S.K.: 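Following this message is one structure expressed as C-alpha cells.
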Amino acid sequence: MAEAVPTDSPEHAKHSPHLAHHFDTPLQQFDSGKLGMWLFLATEILLFGGLFCVYAIWRANHPEIFIAGHHHLDKTLGAINTVVLILSSFTMATGVYCAQRSIQKWLIICLALTLLGGLGFMSIKFVEYRHKWHEGLLPGTSYTYDPKVLAKENLHENVGAPAEPETHAEPPAASTAPAPATAAAPPPEQPAAAADEERSKIALAPAGPAGLRMEPAEDSESGDETVKNVHIFFAIYFCLTGLHGLHVLAGMAIITWLLLRAIRGDFSHEYFTPVDLGGLYWHLVDLIWIFLFPLLYLIG
Amino acid sequence: MSTVDASDASGGVQAAAATDTSNYLTASRGIASWMFTRDHKRIGIMYLVGILTAFFLAGIFALLVRTELLTAGRTIMDADTYNKFFTFHGVIMVFLVIIPGVPAALGNFVLPIMLGAKDVAFPRINLLSFYLWCGGAIFLLCSLVMGGLDTGWTFYAPYSTISKEPIYGVIPALLAVFVVGFSSIFTGLNFVVTIHKLRRPEMGWFDMPLFVFGIYATGIIQILATPVIGITGLLLIIERVAKIGIFTASMGGDPVLFQHFFWFYSHPAVYIMILPAMGVMSEIISVFSHKHIFGYKFIAFSSLAIALLGFLVWGHHLFVAGQSGLVSMIFSALTFAVAIPSAIKVFNWLATMYKGSITLETPMIYALSFIWIFGIGGLTGLFLGTLAVDVPLHDTYFVVAHFHYVMAGTIFVFIGGLFYWWPKMTGKMYKELWGRLGALIFFVGYNMTFFTQFIIGLKGMPRRYYDYEKLIDVIPGIAGLHMFSSIGSYVMAVGLLMTGFCLLQSLFRGRKAPDNPWGGASLEWRTTSPPPLENFNEEPHVGDPYDFSDLEWDKEIGGYVSTGIRKPATGH
C-alpha cells in the first residue's frame, strides 16, 4: 500500500497541520508513532506474559487444579466471545483500510461496529462473571463453591425465589475447605448421592503426567471435590480475563475517541496514524483472547 | 549563539553573543510553562530536582540506619522502625533514584541534543512519564504515612502478603512500584524511538556518542523487563487483598515463584541502573583524556551484550532458595558471562586514558572513582556468582557491600555526569576546588562505609540484622567494624553536602559557562550553554563524536572553540 503511506517530502510537510514541530516529515512522524506502538505492544505482551507464566507453572505442577476448574467455565459463551472479538478485529482492519483511502462513511461504520463488538464481548463476559459470582467460583478465600448448597439454591430458584446475595451469607464462613459441612448439610453419605448429578458433569481428573504432579488427586473416595486449591485456577482465570477485560475497556475508549474524530472528519489518506495505531492495539487485545480461550476453556 | 560553528569561530565572539538572548530557560516564564512543558530539557531538569530530593530523603534513611548500627544494642530506634527505615532507604534509592537517575534526568536533557534532534519522539508521553514518577513518589509517601513498609525492597512473600500485624503501607508501596515502572517504560520507549527515528539523517549508528548506545541498551531492558515487575506488583496486591494464594505457601501458593518473578525484572534492572552510567563514563573518560575513545564498537556492542545477558542471570539470586543444582549451574555460568562485556568496557576506558592528556576536573574524578568502585563491585559479583562461595556469603553483609559497590557506582557517575553537563544545563560554572574536594571526601567515606562491610560479611554477619550484641563474642572486632562503617557514612554525607552546596552556589554566583568548557566533540557541546528552545540555532554539523582535533582552547571565553575542520560522519 505504498500510496497509503504519508509523503516523505519536506515541502509537503509545511502544509500538513498534523506534523509536530520536532519532526521533519510526516513519514518520520508516522514511522516514529508506529515503532513506538509496536514497542508498547511488546510491553503489553510481557505484562500478560507474567500471568501466562504463572499459568504455565501452576498448570505444569498441578494439572488437576486446571482440569477440575475449567469444567466450570462455559465453553459456548467463550466461543461466542471469540467469534465476536475476531469479527471486531476484522471490522477494525477494514476501518484502517477505509481511513487510508479516505472512505469516510465506511470508516465510521467500521469503527462503530468494532465498538459494538467490544461492547458485546464485555456483556457476555459480564454474564459469565455473574455466574461465577453466584456459584462462589472466586479466587482465594472468596472461593465458596459447594455443589450441595448450589443444588439447594437451584431448587429454590425453580420454585421461583430469586437467589439473593443473602443466600451466600453462610458459604463465605465455610472458607476454602474442600467440602465444607454447613449446618444445614445432612450426614456425609447423603450429599455424595445428592451431589451426584453435579458431579456427573465434572469428569474425574484424568491421570496427568505423573512426574509433574505434586499432590495426588486420588487421596479420597470422591472425585473432583478432593482436588485441592481449585481456587487457584479461578485466581488465574480472574487475573487473566480481568486484565484482558480492562484492556478491552481501554480499547473501547480509544475506539470511541477515534469514532468521534472520524465523525469530525479528521482522518484521510494523508493522516490516519491514530486509526492505524488504535487498530494495532485492538488486534493485540484480540490476539491475547485467542490465547486465553483455549488455555482456560478448552483444556482437559 | 553557536561559537562552535565554523563560520562563527572565525567571525568573532561578540557578534555571536548578541543573539544569546533566548534559551530554553528564558523562552517562557511562569510555573505553568514548566508544569505543562513538552521540552525535553525542562522535563529533564524537573526529573533532576525530583530525583535529587528523593536521593536526599533516601540518604537520610541510610544515615539513620547506620546510626542505629553505630553501637550494639538499641542506639536510636526499635527493631520495627529499623526494618522500615532500611526498607524505605532501599525502595526509594532503587525505584525513585538510581533507575530513573541517569536516563530520565541526564538522558532526557542531553540525548536529543546528542542526536541533533529538536526533542524526543513523544514529548507528551515524556511529560506523562515524569508525572507518573511523581505519582509513584506520592504513593511511597502514602506508604510511609500509612504505617510504613518492612518487607525490604524485595517485597518477598510472605512478608508482603501476610504479616502478623496489618501493615497497610505494602499496597501503596506496590502501587508506587507499578506506577514508577510505567514511567520507566515510557522513558525507555521514547528514547528507543528517538534514537531510531530522530537522529540527524547524516548520523549513522556508529556516529552516535556511546552514551546514546548505553541509553539504547537500557531502553530495551526497560521495555522488556519492567512490565514483569508491573504484573508481579499487581499480583502481590491482589494476593494481599483477595488472598488468592499464588505466592503465599499458607494459601497454597509458591513463594519461590515470587522470587523468580521479582528477579526476572530486578536483575535486568541492575543493568538499567548501570548501563546508562557506563555510557556517561565513555563520554567523560574520552573528553577528559582529550583522546579518541578506544574500541568504540566494542563498547557499543558490549552495552547490547550486557542488556541481552542481563535477562538470563536472575536465578543467581535463588542459589539457596531451593533451585535445582543444574539450573543453578547454568545461571552461575551465565553470570560469569556478564563479566566479559563489563570488563571489555573497563579495559577500553583504561586504554582510552593510556597516553591521553588527562585533566582531573570534577567529572573525571568521579569517573576514576567509578572504575575503582565498579571494579570492586563487579569482581565481588564473581565471588557471589560462584555456587560454593555464594552459599556461605548469601544474605550476609558481603552481599550488601557488593551491590552497594555496583549501584553506588551509578550514583558516582550520576553526580559526575551532573558536573559534566552542569554548565550546559544551567549555563553556570561551578567552583572546581569544591567539586573536587566533595568528590574525594565522598569517595573516601564511601569506601570506609562499604569496604568494611565486605569484612563484616566475610566474618559471617547476616544482613538486615537490627542488633549485633550477641555476635560480639562470636565475631571478634565486629563492634569496631560497624562503628567504622557508620563513621564512613557520616564522612560520605559531608562530601555529598559539600557537593550539593558547590552546585547550588554556582547557580547564584557561578561564572557564565562557555559553550564548550571541557572540549567535548559531541553535538551538545556545539550549541549554546544553555541550549535554545529547539536545541540548535543553526543546523548542527554531525561528525565523529570523539574527534577532538578541531577544538582549540580559547583563553578569552574560557572554553573550547571549533576551528571548523572536522572528520565527517561515517553515516553507518
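A, B, ... follow the sequence lines: proteins, then strands. Residue 1 opens every chain. This one's a predicted model, so the numbers in the text were calculated from it and none came from an experiment.
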S.K.: At what distance, to the nearest 0.5 angstrom, does CD1 of B:I223 lie from CZ of A:F40?
M.R.: 11.0 Å
S.K.: Can you confirm whether A:W58 sits close enough to B:I246 that some side-chain heavy atom of one is under 4.5 Å from a side-chain heavy atom of the other?
M.R.: yes
S.K.: Return yes when atom CZ of A:R261 has more than 12 non-hydrogen atoms of other residues, nucleotides or ligands closer than 6.0 Å, and no otherwise.
M.R.: yes
S.K.: Quick check on the interface: out of B:V192, B:V228, B:T194, B:L224, who has the most heavy-atom pairs with chain A under 4.5 Å?
M.R.: B:L224
S.K.: Run the side chain to side chain contact (heavy atoms under 4.5 Å, CB included) test on B:I244 and A:I232 for me, step by step, so that the C-alpha distance in whole Å, both residues' side-chain angles and the decisive distance to 0.1 Å come before the verdict.
M.R.: CA-CA 7 Å; B:I244 57 171; A:I232 285 174; over 6 Å; no
S.K.: Is B:E239 in contact with chain A via its backbone, its side chain, both, or neither, using a 4.5 Å heavy-atom distance?
M.R.: neither
S.K.: For B:Y131, I'd like to know if atom OH has over 12 heavy atoms of other residues, nucleotides or ligands within 6.0 Å.
M.R.: yes
S.K.: Looking at A:I45, A:I57, A:L46, which makes the most heavy-atom pairs under 4.5 Å with chain B?
M.R.: A:L46
S.K.: Between B:L257 and chain A, which part of the residue has a heavy atom less than 4.5 Å away: side chain, backbone, both or neither?
M.R.: side chain
S.K.: With side chain to side chain contact (heavy atoms under 4.5 Å, CB included) as the test, would you mind laying out the steps for B:L234 and A:C239 before giving the verdict?
M.R.: CA-CA 9 Å; B:L234 282 186; A:C239 285; over 6 Å; no
S.K.: What part of A:F23 lies closer than 4.5 angstrom to a heavy atom of chain B: side chain, backbone, both or neither?
M.R.: side chain
S.K.: Taking side chain as everything from C-beta outward and backbone as N, CA, C, O, which of these in B:I238 sits under 4.5 Å from a heavy atom of chain A? Side chain, backbone, both or neither.
M.R.: side chain
S.K.: Between chain B and each of A:L47, A:L39, A:I236, count heavy-atom pairs under 4.5 Å; write down the option with the most.
M.R.: A:L47
S.K.: Contact between B:T226 and A:T43 at the side-chain level, heavy atoms closer than 4.5 Å - yes or no?
M.R.: no
S.K.: Between the main-chain N or O of B:V120 and the side-chain N or O of A:H22, is there a donor-acceptor pair closer than 3.5 Å?
M.R.: yes
S.K.: Pick whichever of A:P139, A:A235, A:S32, A:G50 has the most heavy-atom pairs under 4.5 Å with chain B.
M.R.: A:S32
S.K.: Which heavy-atom pair separates B:E534 from A:H21 by the least distance, and what is that distance?
M.R.: OE2-ND1, 2.6 Å
S.K.: Measure distances from B:I185 to the heavy atoms of chain A and classify the residue's part below 4.5 Å as side chain, backbone, both or neither.
M.R.: side chain
S.K.: Less than 4.5 Å apart, any side-chain heavy atom of B:L198 and any of A:Q28?
M.R.: yes
S.K.: When you look at A:C53 and B:F261, which way does the side chain to side chain contact (heavy atoms under 4.5 Å, CB included) test go after all the steps?
M.R.: CA-CA 9 Å; A:C53 185; B:F261 266 61; 3.9 Å; yes
S.K.: Given a strict heavy-atom distance threshold of 4.5 Å, which part of A:L243 is in contact with chain B: side chain, backbone, both, or neither?
M.R.: side chain
S.K.: Given A:Q29 and B:K197, is the side chain to side chain contact (heavy atoms under 4.5 Å, CB included) satisfied, shown in steps?
M.R.: CA-CA 8 Å; A:Q29 182 171 4; B:K197 299 293 178 191; over 6 Å; no
S.K.: Can you tell me which portion of B:L235 sits under 4.5 Å from chain A's heavy atoms? Options are side chain, backbone, both or neither.
M.R.: side chain
S.K.: Non-hydrogen atoms of chain A under 4.5 Å away: do they reach the side chain of B:A117, the backbone, both or neither?
M.R.: neither
